[in-house]
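Order of listing sets the numbers, starting from 1, for every ligand and every atom in it.
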Amino acid sequence: MANRRQFLIWLGEVLSARDAGRPGGSWQVAMLDLDHFKRINDRYGHLVGDELLRHVAGELERQLGEGARAARFGGEEFAVLFENTGLDEAVARLDRLRRRLGESPMKLGSEQIPCDFSAGVCSVGDEDRHAVDLLRRVDSLLYEAKEAGRGRVLQPGWRERRGRAPA
Ligand SMILES: Nc1nc2c(ncn2[C@@H]2O[C@H](COP(=O)(O)OP(=O)(O)OP(=O)(O)O)[C@@H](O)[C@H]2O)c(=O)[nH]1
């Protein structure tokens, strides 16, 4: 799987193309962080933790589908760049991935190791010039997802959208 450096190169290319007047469709950036991963390490050991990270990486690459590029951003954090995808669609794909991880937990002998994640997703906007600013927005949504109880994917304005019927 791609690493943080590769992800920043992809994102830099998207931002430069937009800067040069070649926006190239709708882009979304997501940051995912596994929930309570320390407990997995504490309970099963680091090697099992590593195995679970590989399991999640595999599901990420298999499940996200066309136009989504995933990277291990660091530790138990993954980043995804969605191309030609709307914000709601990116959220829906990540929620599907969460469900999929819930339905197919990693097996360890007779045990099943559950795993969930929190995530933030933002659109790359016309005003975006620097990856660092964009990633700060995504990170703060990820933080809000953790604060709100984990196991959820949040997009900007999620508080206002809560309870509103889908269009
Ligand atoms: N096995 C393994 N553990 C890792 C790796 N990278 C980071 N970790 C562990 O991931 C854990 C992250 O812990 P925290 O930042 O407290 O987060 P958390 O337990 O997932 O809790 P929340 O993020 O708040 O839901 C630490 O125990 C790290 O040691 C890795 O490559 N392999």
Side-chain heavy-atom pair Leu87, Pro156 within 4.5 angstrom cut-off: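 Leu87 reaches Pro156 side chain to side chain.
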Nearest-0.5 Å distance, CZ of residue Arg96 to CG of residue Leu64: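 Nearest 0.5 Å value for the CZ-CG distance: 9.0 Å.
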Is a side-chain donor-acceptor pair under 3.5 Å present for [Y] with [X]?
X: Asp33; Y: Ser118; answer: no
X: Ser123; Y: Gln28; answer: yes
X: Glu111; Y: Tyr44; answer: yes

Neighbouring protein residues of ligand 1 - any heavy atom closer than 4.0 Å: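 Its neighbours under 4.0 Å (heavy atoms only) are Asp33, Leu34, Asp35, His36, Phe37, Lys38, Asn41, His46, Gly49, Asp50, Leu53, Arg72, Gly75, Glu76, Lys146, Arg150, given by chain and number.
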Whichever hydrophobic residues join Trp27 through chains of side-chain contacts under 4.5 Å: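 Trp27 shares its hydrophobic cluster with Phe7, Leu8, Trp10, Leu11, Val14, Leu15, Val29, Met31, Phe73, Leu81, Val124, Leu134, Leu135, Val138, Leu142.
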